[in-house]
Amino acid sequence: MKVYILYAHSTEGYPLVMSVFSSYSAMVLWLNQIHNYKSEIDSAGYFKEQLIIDEMKFSVYYKAFDVIGEHSHKTNKISFKEV
């Protein structure tokens with residue numbers, strides 16, 4: 001499975017992890033519902049539009065990682081398996 005880590009980076013600070021998702025669609029839906037944010041994405045995972053929170057501008061991007069595990073829709077948790 002893949003895990004999607006969503007980052008936000010302001011010009012005044014270091015990159016922050018906004019959230020972690022078990023699917024790309026969950027990440028995009030969360031951005032839309034929580035931050036009313038929609039944007040195209042370039043090939044490197046960077047969103048083209050900046051996210052504005054409390055008058056601060058953030059560059060938003062994600063990275064996808066392959067992990068061995070599964071997501072439970074009942075508990076909304078990811079459990080990792082030993083290799």
Side-chain angles (χ1 to χ4, degrees):
M1 83 179 259
K2 287 195 181 287
V3 171
Y4 297 84
I5 301 177
L6 183 65
Y7 298 92
H9 185 268
S10 72
T11 56
E12 301 170 2
Y14 296 101
L16 304 170
V17 173
M18 291 184 74
S19 196
V20 178
F21 302 91
S22 61
S23 72
Y24 175 83
S25 60
M27 178 181 67
V28 173
L29 183 65
W30 182 83
L31 279 168
N32 187 10
Q33 289 183 342
I34 301 299
H35 295 289
N36 195 25
Y37 178 78
K38 293 180 184 177
S39 177
E40 297 288 323
I41 300 172
D42 69 13
S43 60
Y46 282 82
F47 290 82
K48 293 182 178 179
E49 303 295 324
Q50 289 190 323
L51 173 64
I52 300 172
I53 301 173
D54 295 333
E55 299 181 11
M56 289 185 64
K57 293 181 180 180
F58 293 89
S59 297
V60 180
Y61 62 98
Y62 76 92
K63 292 183 180 179
F65 298 94
D66 288 317
V67 296
I68 299 173
E70 55 188 36
H71 175 258
S72 170
H73 67 280
K74 293 179 182 178
T75 62
N76 199 26
K77 294 183 180 180
I78 298 172
S79 61
F80 298 99
K81 301 192 186 253
E82 292 186 33
V83 179

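When the ring pair (Phe, Tyr, Trp, His ring centres under 6.0 Å) test is applied to His9, no partner is found at least two apart in sequence or on another chain. Lys57 is linked by a side chain to side chain donor-acceptor pair (under 3.5 Å) to nothing, counting only residues two or more places apart in sequence or in another chain. With sequence neighbours excluded, the residues forming a side chain to side chain donor-acceptor pair (under 3.5 Å) with Ser23 are Ser25, listed by chain and number. Scanning for side chain to side chain contact (heavy atoms under 4.5 Å, CB included) contacts around Met1 gives Val3, Ser22, Val67, His71, Ile78, with sequence neighbours left out.
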Could you pull out every donor-acceptor pair under 3.5 Å between side chains of residues 39-47 and any protein atom, sequence neighbours left out?
residue : atom : partner : partner atom : Å
Ser39   : OG   : Lys48   : N            : 3.1
Ser39   : OG   : Glu49   : N            : 2.8
Asp42   : OD1  : Ala44   : N            : 3.0
Asp42   : OD1  : Gly45   : N            : 3.2
Asp42   : OD1  : Tyr46   : N            : 3.0

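Side chains of Phe58 and Met18 form no contact here, defined as non-hydrogen atoms less than 4.5 Å apart. When side chains are defined from C-beta on, Tyr7 counts as touching Val17, because their heavy atoms get closer than 4.5 Å.
Atoms CD1 and CG, from Ile34 and Asn32 in turn, are 10.0 Å apart once rounded to the nearest 0.5 Å. Note that CD1 of Ile53 and OH of Tyr37 are 10.0 Å apart. Values are rounded to the nearest 0.5 Å. With values rounded to the nearest 0.5 angstrom, Met56 atom CE is found 10.5 Å from Leu51 atom CG.
Surrounding OH of Tyr14 are at most 12 heavy atoms belonging to other residues, nucleotides or ligands under 6.0 Å away.
The hydrophobic cluster containing Val28 also contains Trp30, counting ILVMFWY residues as joined when their side-chain heavy atoms lie under 4.5 angstrom apart, directly or transitively.
Closest of all the heavy-atom pairs between Tyr4 and Tyr24 is CE1-N, 3.4 Å.
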